[in-house]
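Encoded as structure tokens, the structure appears first; notes follow it.
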Amino acid sequence: MQMSVKSPRNGCALHGALQAVEAIRKAVPIVHSNPGCAIQNELAARAAGAGKGWIGDSTIPGTGVQERHIIFGGASRLREQIKNTVKVIDGELYVVLNSCASAMVGDDVGAMTKESREQGEPVVDCLTAGFHGDGHYGYSRVMTELLQKVPQLGMEAPEKNEKSVNLLGILPGRDVCFRGNLEELKRILEGVGLEVRTFFGAENGVEELKKAPGTGLNLVFSKWGQEAAEKMEQLYGIPYLTFPSVPVGILEVRNMLLAVAERLGIQAEVAESFLQKEEERFRYYFRPVLEELYEENTRKSIGLVGDESTVTAAGAFLREYFGAVIKTAVITDYFGAGNAAEKRKELPEDFAEDVYFTQDQGEISGILEQSEIDLLLGSSLEREIAGKKHIPLLELSYPVYDKAALGRTYAGINGAVRLAEDYLTLIKRENRKKENELLQTVRDRTFIYKVKPSEESF
């Protein structure tokens with residue numbers, strides 16, 4: 001039975017892979033597809049605030065496959081496009097991504113990229129036809145392929161550094177705050193003397209990919225980094241630690257950092273010294289608002305909509321520090337049908353009262369309409385249902401249409417402060433709104449009482 005999805009939010013595998021490659025500094029994607037695939041990705045990324053990669057503008061080199069290429073094959077067109085792209089765009093890595101059309105006609109993308117490498121060009125490929133999965137799957141596949149193939153482009157094996165880590169599972173575009181989250185995690189890990197490779201930061205991402213096999217440990221912050229971590233353990237013998245999401249707040253930061261320190265042999269005194277300073281920063285920001293947590297009644301029943309890592313990170317923090325009750329959680333990063341009971345086991349047992357797994361906007365709206373919640377944390381797609389229920393909405397999951405996220409983070413200590421600000425601001429605005437409405441009602445009734453003539457005057 002064919003499954004249809006109303007307003008899918010995650011795009012296809014090609015889009016996820018394309019946004020990941022665009023976010024790697026000095027990497028250039030080459031899309032072997034009809035023009036529509038790249039244009040759809042560009043429009044979706046721009047509307048959702050995902051931004052552009054280091055190349056900028058709307059530059060996405062592509063073969064622009066036409067009907068004749070579908071009939072007779074487009075390998076020669078791809079060969080031509082690779083040569084032209086290398087001449088025109090100055091990059092250190094060129095990544096060929098195929099599409100549904102080129103996959104169905106069986107174009108030998110691997111042969112074309114191999115031919116280019118034999119001519120001395122740094123070209124690799126990744127098979128990311130859209131029908132294989134959604135954007136999350138595209139990130140998983142392209143990172144697995146790049147971490148396997150890019151190091152082979154170097155002339156020498158990278159030097160081993162046991163006190164270094166790779167960050168995996170934080171998706172460009174799909175994580176609205178991926179830049180800020182990576183920077184915050186890097187700041188924390190560098191605080192105990194580690195070298196940190198994010199692949200999507202301001203540094204040369206291609207060089208980080210080449211050095212990745214010399215890393216001491218991989219840190220995985222969502223299930224979408226698991227495949228790449230397992231492949232690196234198989235190829236390079238690099239162990240990995242898996243976390244359900246990025247850490248938010250001092251407790252989660254402490255748990256993550258102590259686990260990393262133990263695995264890499266970092267002295268406990270070093271980790272504790274850094275954590276004490278972080279805890280002081282955390283308390284410095286939260287101490288002034290402790291009374292407001294009671295005055296404003298932050299213990300609200302909330303609904304959460306987004307991918308698993310976003311929902312679990314935000315939900316755990318708000319429950320721990322604000323007393324929020326996670327009434328309804330909708331997990332959106334599952335492609336196709338599946339066993340909901342098995343998926344539910346992957347989440348903490350007491351995480352939420354009701355958990356659903358869907359990316360269908362019609363289903364999500366129906367679920368939220370029946371849910372008794374005071375406020376909603378989700379994407380811009382939930383704005384309509386929030387308005388219908390007359391409850392406030394905090395937009396923190398993909399896609400976000402009207403909010404810019406440059407260095408914004410919801411991870412670590414800085415991210416916890418930002419999430420607390422946004423959550424408390426949302427509640428205070430709603431409380432002031434209700435107070436003003438009540439006050440206006442009282443004024444209206446008082447006015448009516450004063451002007452209404454008494455019966456005795458007649």
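Quantities reported herein were computed from a predicted structural model and do not represent experimental measurements. What's counted below: heavy atoms across the whole structure, side chains too, no hydrogens, waters or symmetry copies.
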inquiry  = Please enumerate all residues that pass side-chain contact (heavy atoms from CB on, under 4.5 Å) together with Arg299, with sequence neighbours excluded.
reply    = Asn297, Val325

ask   = When rounded to the nearest 0.5 angstrom, what distance separates CG in Asp374 from NZ in Lys389?
value = 9.5 Å

message = Donor-acceptor check, side chain of Glu395 to backbone of Lys403, threshold 3.5 angstrom: yes or no?
response = no

query = With sequence neighbours left out, which residue pairs that include part of residues 256-267 fulfil the side-chain hydrogen bond (donor to acceptor under 3.5 Å, both in side chains) condition?
reply = none

ask   = Considering residues at least two apart in sequence or located in another chain, which fulfil the side chain to side chain donor-acceptor pair (under 3.5 Å) criterion with Ser140?
value = Glu227

Tabulate below the donor-acceptor pairs under 3.5 Å that side-chain atoms of residues 188-204 make, not counting sequence neighbours, or state none.
{"unit_1": "Glu195", "atom_1": "OE1", "unit_2": "Asn161", "atom_2": "ND2", "d": "2.7"}
{"unit_1": "Glu195", "atom_1": "OE2", "unit_2": "Arg197", "atom_2": "NH2", "d": "3.2"}
{"unit_1": "Arg197", "atom_1": "NH1", "unit_2": "Thr215", "atom_2": "OG1", "d": "2.5"}
{"unit_1": "Thr198", "atom_1": "OG1", "unit_2": "Gly201", "atom_2": "N", "d": "3.1"}
{"unit_1": "Glu203", "atom_1": "OE1", "unit_2": "Lys186", "atom_2": "NZ", "d": "3.3"}
{"unit_1": "Glu203", "atom_1": "OE2", "unit_2": "Lys186", "atom_2": "NZ", "d": "2.8"}
{"unit_1": "Asn204", "atom_1": "OD1", "unit_2": "Val206", "atom_2": "N", "d": "3.0"}
{"unit_1": "Asn204", "atom_1": "OD1", "unit_2": "Glu207", "atom_2": "N", "d": "3.2"}
{"unit_1": "Asn204", "atom_1": "ND2", "unit_2": "Glu92", "atom_2": "OE1", "d": "3.1"}
{"unit_1": "Asn204", "atom_1": "ND2", "unit_2": "Glu92", "atom_2": "OE2", "d": "3.4"}

query = Does anything in residues 230-239 pair up under side-chain hydrogen bond (donor to acceptor under 3.5 Å, both in side chains), and if so which pairs, sequence neighbours excluded?
reply = Gln226-Glu230

message = If the condition is side-chain contact (heavy atoms from CB on, under 4.5 Å), which residues does Glu280 pass it with, not counting sequence neighbours?
response = none

request  = Quick one: which residue pairs count as a ring pair (Phe, Tyr, Trp, His ring centres under 6.0 Å) with a foot in residues 369-396, not counting sequence neighbours?
outcome  = none

remark   = For Pro244, the side-chain contact (heavy atoms from CB on, under 4.5 Å) test, sequence neighbours excluded, returns none

Residues in side chain to side chain donor-acceptor pair (under 3.5 Å) contact with Glu308, at least two apart in sequence or another chain = Lys223, Tyr334

message = Rounded to the nearest 0.5 Å, what separates atom CG in Leu318 from atom CD1 in Ile326?
response = 6.0 Å

ask   = Any chance NZ of Lys160 has more than 12 other-residue heavy atoms, nucleotides or ligands included, within less than 6.0 Å?
value = yes

message = Any side-chain to backbone donor/acceptor pair from Lys149 onto Asp125? Under 3.5 Å, distance only.
response = yes

query = Is a side-chain donor or acceptor of Ser371 paired with a backbone partner of Ile367 at a separation under 3.5 angstrom?
reply = no

query = Rounded to the nearest 0.5 Å, how far apart are CD of Gln359 and NE2 of His136?
reply = 8.5 Å

message = Could you work out, with side chain to side chain donor-acceptor pair (under 3.5 Å) as the rule, every residue matching Glu437, not counting sequence neighbours?
response = none

query = Any chance the side chains of Asp360 and Thr358 put a donor and an acceptor closer than 3.5 Å?
reply = no

query = Step by step, would you call Ser222 with Ser309 a side-chain hydrogen bond (donor to acceptor under 3.5 Å, both in side chains)?
reply = CA-CA 6 Å; Ser222 77; Ser309 59; 5.0 Å; no

task = Step through the shown structure and confirm whether more than 12 heavy atoms of other residues, nucleotides or ligands are within 6.0 Å of CD on Glu159.
result = no

key: Verdict with reasoning, Asp134 to Arg174, per salt bridge (charged side-chain N to carboxylate O under 4.0 Å, His left out)   = CA-CA 11 Å; Asp134 67 3; Arg174 297 302 179 274; over 6 Å; no

message = Are there over 12 heavy-atom neighbours, none belonging to Arg283, within less than 6.0 Å of that residue's CZ?
response = no

request  = Report the residues that fulfil side chain to side chain donor-acceptor pair (under 3.5 Å) with Thr298, sequence neighbours left out, ordered by chain and then residue number.
outcome  = none

task = Can you tell me which residue pairs pass the ring pair (Phe, Tyr, Trp, His ring centres under 6.0 Å) test with a partner in residues 404-439, sequence neighbours excluded?
result = Phe322-Tyr423

